[in-house]
Amino acid sequence: MQEPVLNAAALETLVSAAVAAPSLCDVRPWRLRFLPYTRTVEVRADVTWTDGVRAGGARAGVRPSPPGAGWDGRGPYVSAGAAVLNLRVAARHLGWEPVTRVLPDPADPGLLAAVRLAGSPRTGPEAGRCGPDRGLYDAIWRRHSSRLPFGDHPVPDGILAELASAARAEGAVPALPGTEETGRLLDLAAEAEHRDAAGRLPGIGLPTGRLPGGSTGSGGRGGPCATVPRDGRARGGNAPAPPPDPDRRPPGLRFEEHPRLLLLGTRHDRPADRLLAGQALQRVLLLLTVRGLRASVLHRALEWEDLRRRVRGPSGGPGSPQALVRIGYGPEGPTPRSPGAGTRAGPRAPAGTPGPART
């Protein structure tokens, strides 16, 4: 069996797939490194971004974090995990079998994951087009978040079960909240946005403003941070008042009568678990794209520790909550990327891919 070719075009495809992964609030604090002798793609923490956050906190009069502490938040790990999943899907599409290790070197905590391109079990046009990855590669270039209201057409139970199964396949613990629990979770998401509007950033301590890379701490325009109605519940009817940031959602949009949420958790809350959650989240988002559904990632409530504890609820919830996704049918509603967003990983999409990558 002929082994797939690892040339410049293949590397560009891998890099572009990683860059196309969602990054919470438009920040990509990771970079890629390729080791040709072992055919390994490393996903590493971007210390340049980390140092910039620490410096900004010092200028704002906030007690600076110690060296290496800039990666103690949830979003960076989840975002890096999503990039790892895209690397795996693209590798299988090219005919390789990705062998993934998360945090493989305790002496090098900046090495978040290593994806080795092992010998392929299949090649040719069927590579990466069967099994659990079927259709996911094309979805990489079509997937993006939508902040627009969804329709009231219910998501079929079969698709909900498929999404939950996809999350479990990555080691996550999924939950599909009922009507009352959905309202409570949306209230928490709205509370997080109101806090953000007051000018604070959980976990970093910086006032709301520009972060390194040209993104905004409160989500700006480029990330998949979804805005919920003013009262926190995506119930039918017009929102009674504009949101804290009028640029993020025009007032008066009518949201769906019965919103559907998917909560992803992990059994623990270690850095490895957050990377795992990012891979599960991305697999769910790609599968949603394949099935013709839209998604909004409501992650801000999980960045505030007190709100995150309340996300679990009195029953404890699905282990340690890592991601909250609103799903449904509706217009594409592309989420544009802010001009300074991106990563040093390279180009966004290889020539010949079906459409641009969007967050």
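What you are looking at is a predicted structure, and each value in this text was computed from that prediction instead of being measured.
One N or O on the side chain of Arg28 and one on the backbone of Val19 form a donor-acceptor pair closer than 3.5 Å.
Between Arg88 and Asp133 there is no salt bridge, since no side-chain N of the basic residue sits under 4.0 Å from a carboxylate O of the acidic one. Ion pairing between Glu191 and Arg195 holds under the 4.0 Å rule for side-chain N and carboxylate O. Salt bridge present: Arg291 and Glu162 bring a charged side-chain N and a carboxylate O closer than 4.0 Å. Between Arg184 and Glu181 there is a salt bridge, since at least one side-chain N of the basic residue sits less than 4.0 Å from a carboxylate O of the acidic one. Taking a cutoff of 4.0 Å between a charged side-chain nitrogen and a carboxylate oxygen, Arg44 and Asp108 qualify as a salt bridge. A salt bridge links Asp273 and Arg270; the closest N-O separation between the charged side-chain nitrogens and carboxylate oxygens is under 4.0 Å.
Between Leu261 and Leu298, some side-chain heavy-atom pair lies under the 4.5 Å cut-off. Proximity of Pro174 to Leu163: side-chain heavy atoms (C-beta onward) are nowhere separated by under 4.5 Å. By the 4.5 Å heavy-atom criterion applied to side chains, Leu302 and Val311 are counted as neighbours.
Distance check: Arg74 CZ to Glu303 CD gives 6.5 Å after rounding to the nearest 0.5 Å. A distance of 10.5 Å separates CG of Leu264 from CZ of Arg168, quoted to the nearest 0.5 Å. Distance CG/Leu117 to CG/Leu94: 8.5 Å, rounded to 0.5 Å.
Among Thr289, Leu287, Val290, Leu136, the single residue meeting the side chain to side chain contact (heavy atoms under 4.5 Å, CB included) criterion with Arg143 is Thr289.
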